[in-house]
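Single-structure report; data block below.
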2 protein chains.
Amino acid sequence: MDYRTDVRRIKALADENRLAIMLALQHGEKCACLLLEELKISQPTLSHHMRLLRDSGLVYGRKEGKWMHYSISPEGTKSFRAMIRSYARCDCEEDATGTCPYKAEDE
Amino acid sequence: MDYRTDVRRIKALADENRLAIMLALQHGEKCACLLLEELKISQPTLSHHMRLLRDSGLVYGRKEGKWMHYSISPEGTKSFRAMIRSYARCDCEEDATGTCPYKAEDE
DNA sequence: TAAACATATTTATGGATGTCAATATGTAAA
DNA sequence: TTTACATATTGACATCCATAAATATGTTTA
């Protein structure tokens, strides 16, 4: 099997600054200039991190004039969690599927 | 905030061979010698990967004579998924908590 | 148009990481 | 106690990655 894509997505989250960015975006869209103020990194470094997060599908980017607005991608984070769950699990764990009539898809 | 621990845990999964190991252990405990046959890596390299997986809490190790038996840690993978969920999410996502009377804790 | 501003890209560099050969440690069998 | 075997550790090396300075691209304003 080929795990390259999954590894690249996981690596997108395997960095202190990118974790901080994910938390910073959790309550809604933010401009790059705002993120630049919160994190103590240079502008090229932030741009680099945002490209990795966008390429992984976790974050969405919207250009408005000369400003870039970033936000969490609900679909991206959902499929990311599902991907993680496919590796970080074992048969001995009880699976919620079927036990909940409403929504067990994401467990 | 300090993300070092979380980054180290995420990095434990950010490798092709370690993803393959997690899948190989998904159906139950396996000896190191068995893993060595399935993966195309040297013995020192496997030992290195197993140490990272054990340090992250995802995998449990049990020594029996001269053999090492590895297995998925249900608690480790569960807390890992919870940790991932704290970063890979956004407020706009509907939270299953409360909608399912049985078990919504893990999503 | 030119100037100012926001972000992206290029380039270089130091540090982290995966890999394996050689070796060490520990255990079981002869 | 030897010998054989399974796994861990050490050391060296190549590659990957985070970082920032310099520069480029694109946008708005004067």
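Here is how names work: the chains are called A, B, and so on, in the same order as the sequence lines, proteins then strands, and each is numbered from 1.
- Between the CD atom of Glu64(B) and the C1' atom of dA6(D) there is a distance of 13 Å, rounded to whole Å.
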Verdict with reasoning, Leu25(A) to Glu29(A), per side chain to side chain contact (heavy atoms under 4.5 Å, CB included): CA-CA 6 Å; Leu25(A) 295 178; Glu29(A) 190 181 73; over 6 Å; no
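- When the nearest nucleotides of DNA chain D are assigned to Lys40(A) and Gly65(A) by heavy-atom distance, the more 5′-ward of the two goes with Lys40(A).
- For the pair Ser42(A) and dT19(D), the criterion of a side-chain N or O lying under 4.0 Å from OP1 or OP2 is not met.
- To the nearest angstrom, P of dA18(D) lies 6 Å from NE2 of His49(A).
- Rounded to an integer number of Å, the gap from CD1 of Ile41(A) to P of dA8(C) is 12 Å.
- Across all strands, Leu35(B) comes closer than 4.0 Å to no nucleic acid atom at all (heavy-atom distances).
- Counting any heavy atom pair closer than 4.0 Å across all strands shown, His48(B) reaches a base atom.
- Rounded to a whole Å, the CD atom of Gln43(A) is 10 Å from the C1' atom of dT9(C).
- Judged by distance alone, the side chains of Asn17(A) and Tyr3(B) never bring a donor and an acceptor atom under 3.5 Å apart.
- Straight-line distance from the CG atom of Asn17(A) to the C1' atom of dA20(D): 13 Å, rounded to whole Å.
- A straight line from NE2 of His69(A) to P of dA8(C) spans 12 Å, rounded to a whole angstrom.
- In this structure, Met68(B) atom CE and dT9(D) atom C1' are separated by 14 Å, rounded to whole Å.
- Side-chain nitrogen and oxygen atoms of Thr45(B) include none within less than 4.0 Å of the OP1 or OP2 phosphate oxygen of dT19(C).
- The residue among Cys31(A) and Lys63(B) whose nearest nucleotide of DNA chain C is located toward the 5' end is Cys31(A).
- Arg18(A) comes within 4.0 angstrom of the backbone, heavy atoms only, and of no base.
- Close to dC17(D), at under 4.0 Å from its OP1 or OP2, lies a side-chain N or O of Lys11(A).
- In this structure the side chain of Leu23(B) reaches within 4.5 angstrom of the side chain of Gln26(B), judged on heavy atoms.
- Looking at Glu64(B) and Arg62(B), a side-chain N of the basic residue comes within less than 4.0 Å of a carboxylate O on the acidic one, giving a salt bridge.
- Here Arg51(B) does not reach the OP1 or OP2 of dT7(D): none of its side-chain N or O atoms lies under 4.0 Å away.
- Partner Arg18(A) forms a side-chain contact (heavy atoms from CB on, under 4.5 Å) with one of Leu39(A), Leu58(A), Leu13(A), Leu52(A) and no other, that one being Leu52(A).
- Counting to the nearest Å, the P atom of dG15(C) and the CG atom of Asp15(A) are 17 Å from each other.
- For Lys66(B), the listed nucleotide lying nearest its side chain is dG26(C); candidates were dT7(D), dT28(D), dG26(C).
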